[in-house]
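Structure record follows, encoded as structure tokens.
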Amino acid sequence: MSDKILVTYASRAGSTAGVAEAIGKTLAENGASVDVLPMNEVKDISPYQAVVAGSAIRGSKWLPEAMQFIQTHRAELAQKRFAEFTVCITLAMSNSDQYRSAVAKWVAPVREQVKPLSEGLFAGMLDFSKLPFNWDTLMLRLTVALGIFPRGDHRDWNAIHAWAKSLKTIL
Ligand SMILES: Cc1cc2nc3c(=O)[nH]c(=O)nc-3n(C[C@H](O)[C@H](O)[C@H](O)COP(=O)(O)O)c2cc1C
């Protein structure tokens with residue numbers, strides 16, 4: 001097996017893809033050989049010695065394709081260096097610190113299948129121009145109108161960079 005790292009992600013509106021790209025870039029700058037790929041393009045994880053997997057949150061859960069990825073590869077992931085990250089809008093709320101443990105609980109179904117060496121929890125982005133108009137996004141617009149969730153791009157590139165850098169010694 002090579003010393004390659006796979007950074008793989010599930011994203012619907014692109015913000016988690018951006019986080020994955022940033023993590024991959026930081027890992028590469030620190031000397032690693034890295035592939036950054038959407039989960040639906042990953043069929044074989046055998047070439048990688050470490051995997052960093054991340055998903056956007058919808059309805060307090062990882063996206064179904066991300067859970068499927070973990071389920072499909074769980075035996076192999078358990079034999080590798082594994083870290084995971086989550087992107088959601090709850091962590092962009094002004095009082096988000098009090099919700100960090102709740103957000104961490106949303107990731108419990110992942111941890112139950114493969115124990116990560118590290119976990120990143122990041123604020124994401126709400127851009128309605130990138131989302132379809134349907135019942136779910138209407139409800140989301142309501143939470144924004146009520147001042148619960150903020151709209152806009154709240155990705156904290158310093159926090160993402162710092163977490164990715166910390167993976168160097170872990171993976
Ligand atoms: C239909 C829908 C449901 C969502 N549900 C949640 C949620 O339950 N909790 C949360 O914190 N964020 C929720 N979000 C916000 C997303 O997690 C956030 O916008 C994230 O950055 C999206 O990632 P993506 O751009 O990679 O798809 C939801 C977004 C959408 C569109």
Side-chain angles (χ1 to χ4, degrees), residues 5-28 34-42 45 51-73 77 82-114 116 118-164 167:
I5 299 175
L6 172 66
V7 180
T8 187
Y9 60 88
S11 176
R12 292 284 164 83
S15 62
T16 308
V19 172
E21 291 290 347
I23 291 168
K25 191 164 176 275
T26 300
L27 287 169
V34 187
D35 286 341
V36 181
L37 292 168
M39 282 171 182
N40 58 12
E41 283 182 22
V42 180
I45 63 169
V51 176
V52 182
S55 177
I57 289 286
R58 284 214 170 181
S60 310
K61 289 180 177 155
W62 266 30
L63 291 171
E65 60 268 35
M67 287 312 300
Q68 186 58 58
F69 175 88
I70 298 294
Q71 173 83 35
T72 303
H73 299 286
L77 286 171
F82 173 68
E84 40 82 359
F85 67 94
T86 293
V87 179
C88 70
I89 207 64
T90 296
L91 294 177
M93 292 164 67
S94 55
N95 52 352
S96 68
D97 274 356
Q98 69 188 86
Y99 297 112
R100 279 192 89 80
S101 58
V103 172
K105 279 194 194 127
W106 299 343
V107 195
V110 177
R111 288 191 299 267
E112 279 161 20
Q113 299 202 58
V114 191
S118 182
E119 177 169 274
L121 300 175
F122 303 116
M125 177 178 86
L126 265 188
D127 177 351
F128 288 105
S129 72
K130 293 200 164 69
L131 292 168
F133 192 81
N134 58 30
W135 178 255
D136 289 342
T137 56
L138 191 64
M139 288 297 106
L140 213 52
R141 280 174 190 268
L142 190 63
T143 62
V144 171
L146 291 171
I148 298 167
F149 286 155
R151 70 169 78 217
D153 189 349
H154 298 273
R155 289 171 293 178
D156 178 344
W157 299 111
N158 288 335
I160 293 161
H161 177 73
W163 184 70
L167 294 178

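All ligand and atom numbering here is 1-based and tracks the order in the structure.
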#### Entry: Pairwise distance OG1(Thr72) to CE(Met39) - rounded to 0.5 angstrom
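Rounded to the nearest 0.5 Å, the OG1-CE separation comes to 10.5 Å.
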
### Task
Give, for atom OG1 of Thr16 and atom OH of Tyr9, the distance between the pair rounded to the nearest 0.5 Å.
9.5 Å

### Task
Please determine if Asp127 and Lys130 form a salt bridge, counting it only when a charged side-chain N lies under 4.0 Å from a carboxylate O.
yes

### Query
With sequence neighbours left out, what residues match Phe69 under ring pair (Phe, Tyr, Trp, His ring centres under 6.0 Å)?
His73

### Message
Strictly under 4.0 angstrom, heavy-atom based: which residues surround ligand 1?
### Response
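Lining ligand 1: Ser11, Arg12, Ala13, Gly14, Ser15, Thr16, Ala56, Ile57, Arg58, Gly59, Ser60, Val87, Cys88, Ile89, Thr90, Trp106, Gly124, Met125, Leu126, Leu131, Asp136, Leu140.
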
### Message
Suppose the criterion is ring pair (Phe, Tyr, Trp, His ring centres under 6.0 Å): which pairs have a residue in residues 130-158, not counting sequence neighbours?
### Response
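Matches after skipping sequence neighbours: none remain.
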
### Query
With sequence neighbours left out, what residues match Asn134 under side-chain hydrogen bond (donor to acceptor under 3.5 Å, both in side chains)?
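Applying side-chain hydrogen bond (donor to acceptor under 3.5 Å, both in side chains) to Asn134 gives Thr137.
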
